[in-house]
Amino acid sequence: MRYSEYFIPTLKEVPTEAVVPSHQLMLRAGLVRQVSAGVFSWLPLGFRVLNKVINILREEMNAIGGQEFLLPALNPIEIWEQTGRVEAMGDVIFHIKNREGLVLAPTHEEIIAFHAKQHIQSYKDLPQIWYQIQTKFRNEPRPKSGVLRCRQFIMKDSYSLDTTWEGLDESYNKHLEAYKKIFTRCKLNFFIVGASSGAMGGSKSQEFMIESDAGEDVCAIAPSGYAANLEVATSSLPPVGRKNHCPPIEEFPTPNAKTIDDLIEQFGFDENSLAKSVIYIIDSEPVLILMRGNDELNETKLQAAFGTNKFRPATPEELLEITGANAGSIGPVNLKSNIKVVADSLLKDANSLVSGANKDGYHLKNIDFLRDCKIDAYYDLRTVREGEPCPISGTPIKIVKAIELGHIFKLGTKYSEALGATFLDKDGIQKPIIMGSYGIGVERIIACFIEQNHDENGIIWDYPLSPFDIHLISINVKSELVKEYSEKIYTSLTQANYEVLYDDRDETAGVKFNDADLIGIPIQIIVGEKNLKNGLVEIKFRKNNQRELVAEKELLNWLKEKIPTKS
RNA sequence: CGGGGCGUAGCGCAGGUGGCUAGCGCGUCUGUUUUGGGAGCAGAAGGUCGCAGGUUCAAGUCCUGCCGCCCCGACCA
C-alpha cells in the first residue's frame with residue numbers, strides 16, 4: 001500500500017477529549033474517529049487491525065466446532081418480553097421510535113433460544129455451539145475511554161446448547177481454552193477471574209481481564225494464583241468469634257461518636273469488636289445488615305444473597321422510623337420495629353460486640369448475637385481489601401483496576417425455559433436446553449493491546465495484530481537512486497506476500513520517521529541515499545529501537561528469518 | 001441521572017470587564033530553496049464564534065433556554 005494514496009490522518013497533537021493512552025493513540029495514528037459519544041468509525045488502517053482480530057476469533061471459534069451465524073440487530077420486542085429482559089435491562093435497550101415493536105439487540109441470547117426452539121427437537125440435534133461477530137447496541141448512560149465503553153460496538157458472542165449439565169461444563173471449558181488461545185495469540189497479558197453473573201443469570205462465570213488504570217473493573221489477585229472480580233472476591237480472614245466471658249449487655253453514652261472510627265478513637269475499641277449497621281430497603285422490605293468494623297458492604301454479594309437487584313439504602317427519615325435512631329446509633333438490639341436482621345459471615349455467632357443502641361448518642365457493648373438478638377441469616381457480604389489473605393493459601397491480596405475483555409457464563413435454562421426451547425431426551429421426556437453464553441469485546445482487544453504496548457512516540461504493534469508487516473520508508477523521493485530502489489524493494493516484498501506500507505510521500509525524513517513510530521509497525525525498512533551507495537538498507541525495530549544494516553540484495557532472506565510466519 | 005469543565009478555521013488554542021476588518025501556532029494551497037528525526041523564505045485560501053431567543057446604537061463577549069462533547073460519581077451483560 002502506497003502511503004501517498006492511503007488515508008491515514010495522523011495527528012501531531014493529542015486531542016483534548018482523549019484521556020486514556022489507547023484512545024489518544026488510536027486517534028493520533030488514524031485508526032478511528034469519533035462520530036458521537038460512544039460511536040466510532042474505523043478508518044482503513046484501524047479496520048485492518050480489526051479484521052486481523054476477527055480472523056483470530058473466527059479461527060479459534062471454528063476450532064472448537066463453533067458455527068458462525070449473522071443474527072439481526074433489529075429484534076422484535078416480544079422475544080425480549082418473554083425473558084423479562086425489557087424490564088431487567090431497562091434503559092440500556094434502544095427502542096425503535098418509528099416502527100413499533102422493534103428494539104436494537106444489546107446481546108443475542110433471546111434470538112439464539114428462538115432459533116433453538118424452532119429447530120432443535122431431539123437430543124440427537126445437540127450439542128451445538130453457535131456464534132457470531134456482530135454489532136451490539138447498548139444505550140450506555142456514560143460512554144468513555146474511546147472504544148472501551150461504547151453505545152455501538154462489535155462483539156464475538158457465542159452460545160452453547162447442551163442436553164446435560166456435564167455437557168455444559170464441556171462446552172464452557174472449550175470456550176475457556178479457546179479464549180486463552182485467542183488472547184495469547186493477540187499477545188495480551190491477561191488474567192482470568194471468577195465473576196458475578198449479574199443480570200445475565202446463571203451459575204458460574206469467569207472474566208478475562210487485563211490490568212489497567214483505564215479499567216472500570218476492580219479485581220483481587222494474589223501470588224497463589226487467586227483472582228476474582230472484587231464483586232465476588234473472598235479472603236480467608238478469621239471470623240470475629242466468641243470470647244469466653246461476655247458480661248451482660250451494657251448501654252453507654254457516645255454523644256460525639258457517629259462513625260466506627262470515632263468509636264475506635266474515643267473509646268479504644270478493637271475494630272473487630274465493632275458491628276456496623278446499615279439499613280437497606282430490599283424488595284420494599286427494610287433489612288438491617290451488620291458488618292464487622294469498617295468492612296464495606298458489597299452490593300453485588302447482597303444481590304446474590306437476596307436474589308434481587310431491587311434494593312437501596314434507607315433514607316435518613318426511614319432510618320429514624322425503622323430503628324428509632326439516626327445513622328451512627330443504629331444496632332441489632334432494641335429495634336423500634338421488627339425487621340429482618342442479617343450479618344456478614346465474619347460475625348457468625350459472635351459476642352462481646354459493640355453496636356448502636358437505637359437511641360441517638362448511645363451504644364451498647366457486650367452484645368452477644370446468640371443471647372441478645374436474633375440474626376436471621378449470615379451471608380458473605382463484605383468487600384475484600386488489599387493485603388488480606390487469599391482463600392487459596394493465605395498469600396496477600398492485591399487490588400488492581402482492570403479492563404474486561406471477555407466473559408463466559410454457564411447460563412443454564414433461564415432463556416430456553418422462557419422461550420420454550422426444549423428437546424426430547426432418550427426417554428422421550430421434554431427438557432429445556434442447557435445454555436452457555438460467551439462474549440468478547442472485539443474493539444477492546446485492540447484498545448487493550450495498545451494500553452499494554454506503546455511508548456511516548458506511539459503504538460508498538462506486534463504480529464499478528466499489526467496493520468502491516470513492514471513499513472517501508474523512502475527518504476527523499478526526489479533522489480532517483482532512492483526512488484528506484486524503494487520501488488524495487490516494494491515490489492519484491494509485495495510479491496513475497498508481505499503486507500507493506502510504503503511511505504512514498506514527498507515529505508521530509510523527520511515527518512516520515514515520526515509517523516512510522518506513531519503508527520508503530522514492528523519493522524521499518526529505511527531506504528536512504530547514504531546507505532544505498534554501499535548497497536545497504538537500514539532496518540529499525542519499533543519495539544526496542546535497534547537498527548541493523550542489511551545488504552539490499554539479502555533483504556528477502558533476512559526478512560524470512562526475522563518475521564515470524566504469519567498465522 | 002447528580003456534580004464539574006468545555007464548545008471560536010481541518011487540529012491545538014487566545015480573545016470574554018460589550019466597540020473598528022475575530023487573532024496565534026500547526027496543517028492546507030502556490031512558488032522557491034531544502035532532504036536521515038515533525039525544514040527555510042515569499043505569498044494565499046479557509047470562520048453561520050454550538051443553536052435559538054433576548055438586552056443594546058453595537059454581542060464571540062452580557063442574560064435566558066436548548067443542544068453537543070469530556071471528566072468524576074451513580075449505573076453498567
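What you see below is based on every heavy atom in this structure, not just the backbone, and it leaves out hydrogens, waters and symmetry mates. Chain identifiers are assigned alphabetically (A, B, ...) following the order of the sequence lines, protein sequences preceding nucleic acid strands; residue numbering begins at 1 within each chain.
- Spacing of P atoms, B/A9 relative to B/G50, comes out at 8 Å, to the nearest Å.
- With a cut-off of 3.5 Å on both pairing distances, B/G27 has no Watson-Crick or G-U wobble partner at all.
- A/E299 pairs by the salt bridge (charged side-chain N to carboxylate O under 4.0 Å, His left out) definition with nothing, not counting sequence neighbours.
- Between B/G15 and B/U61, the distance separating the two C1' atoms is 9 Å to the nearest Å.
- Across all strands, A/S145 comes closer than 4.0 Å only to sugar-phosphate atoms, never to a base (heavy-atom distances).
- A side-chain donor from one of A/T107 and A/E109 sits under 3.5 Å from a side-chain acceptor of the other.
- Using a 4.0 Å heavy-atom distance criterion, A/K478 is classed as a base contact.
- Taking A/D169 as the reference, A/K410 meet the side chain to side chain contact (heavy atoms under 4.5 Å, CB included) condition, with sequence neighbours excluded.
- For the P atoms, the distance linking B/C67 with B/A52 amounts to 15 Å, nearest Å.
- The base-pairing partner of B/G37, taking Watson-Crick or G-U wobble contacts with both distances under 3.5 Å, does not exist among the strands shown.
- Searching all strands for a Watson-Crick or G-U wobble partner of B/C69 with both distances below 3.5 Å returns B/G5.
- Separating the C1' atom of B/C49 from that of B/G7 is a span of 10 Å, rounded to the nearest Å.
- Comparing the same atom, P, in B/C11 and in B/A44 gives a spacing of 24 Å after rounding to whole Å.
- Within 4.0 Å (heavy atoms only), A/S479 reaches no atom of the nucleic acid at all.
- Cation-pi geometry between A/R505 and A/Y3 is met: under 6.0 angstrom from the ring centre, within 45 degrees of the axis.
- Taking only side-chain atoms of A/E299, from C-beta outward, the nucleotide of B/C71, B/C75, B/G38 with the closest atom is B/C75.
- Comparing the C1' positions of B/G19 and B/C75 gives a spacing of 50 Å, expressed to the nearest Å.
- Looking at heavy-atom distances under 4.0 Å, A/Y438 makes no contact with the nucleic acid at all.
- Nucleic acid contact class of A/E538 (heavy atoms, under 4.0 Å, all strands): base.
- Considering only the side chain of A/R149, B/C76 comes nearest among B/G37, B/C75, B/C76.
- Put simply, A/T508 has a side-chain N or O that comes within less than 4.0 Å of OP1 or OP2 on B/A39.
- Residue pairs that meet the side-chain hydrogen bond (donor to acceptor under 3.5 Å, both in side chains) test with at least one member in residues 8-18 of chain A, sequence neighbours left out, are A/T10-A/D515.
- Interface residues of residues 12-28 of chain A facing RNA chain B, ordered by number: A/K12, A/E13, A/T16, A/E17, A/V19, A/R28; criterion, heavy-atom separation under 4.0 Å.
- Atom name C1', nucleotides B/C62 and B/G18: the rounded distance is 7 Å, in whole Å.
- Taking the centre of each ring, A/F468 and A/W461 stay at or above the 6.0 Å mark.
- Judged by distance alone, with hydrogens and angles left aside, A/R547 brings a side-chain donor or acceptor within reach of the base of B/G37, the pair sitting under 3.5 Å.
- One C1' atom belongs to B/G65, the other to B/G10, and the distance between them is 31 Å to the nearest Å.
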Atom pairs under 3.5 Å: protein N/O with N/O of nucleotides 40-50 of chain B:
none

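- Distance A/E216 CD to B/C76 C1': 8 Å, rounded to the nearest Å.
- Using a 4.0 Å heavy-atom cutoff across all strands shown, A/R312 reaches no nucleic acid atom at all.
- Take the nearest nucleotide of RNA chain B for A/N545 and for A/K144: the residue whose nucleotide is more 5' is A/N545.
- When the P atom of B/G37 is taken as reference, atom CG of A/D503 falls 15 Å away, rounded to whole Å.
- Contacts of A/I475 with the nucleic acid, taken as non-hydrogen atoms under 4.0 Å apart, include base atoms.
- Legend: residues meeting side-chain hydrogen bond (donor to acceptor under 3.5 Å, both in side chains) with A/N453, ordered by chain and number and at least two apart, are absent.
- In this structure, the ring of A/F208 has its center less than 6.0 angstrom from the ring center of A/F183.
- For A/F306, the ring-ring contact (aromatic ring centres under 6.0 Å, His included) partners are A/Y379, not counting sequence neighbours.
- For B/G18, there is no paired base (Watson-Crick or G-U wobble, both distances below 3.5 Å).
- A/D91 comes within contact range of no nucleotide atom at all, as no heavy-atom separation falls under 4.0 Å.
- Remark on RNA chain B: of its neighbouring residues A/Q524 and A/F153, the 5'-side contact belongs to A/Q524, judged by nearest-heavy-atom nucleotide.
- Every residue two or more places apart in sequence or in another chain that forms a ring-ring contact (aromatic ring centres under 6.0 Å, His included) with A/F69 is listed here: A/W130.
- Listed by first then second residue, pairs satisfying ring-ring contact (aromatic ring centres under 6.0 Å, His included) with a partner in residues 24-47 of chain A read A/H23-A/F40, not counting sequence neighbours.
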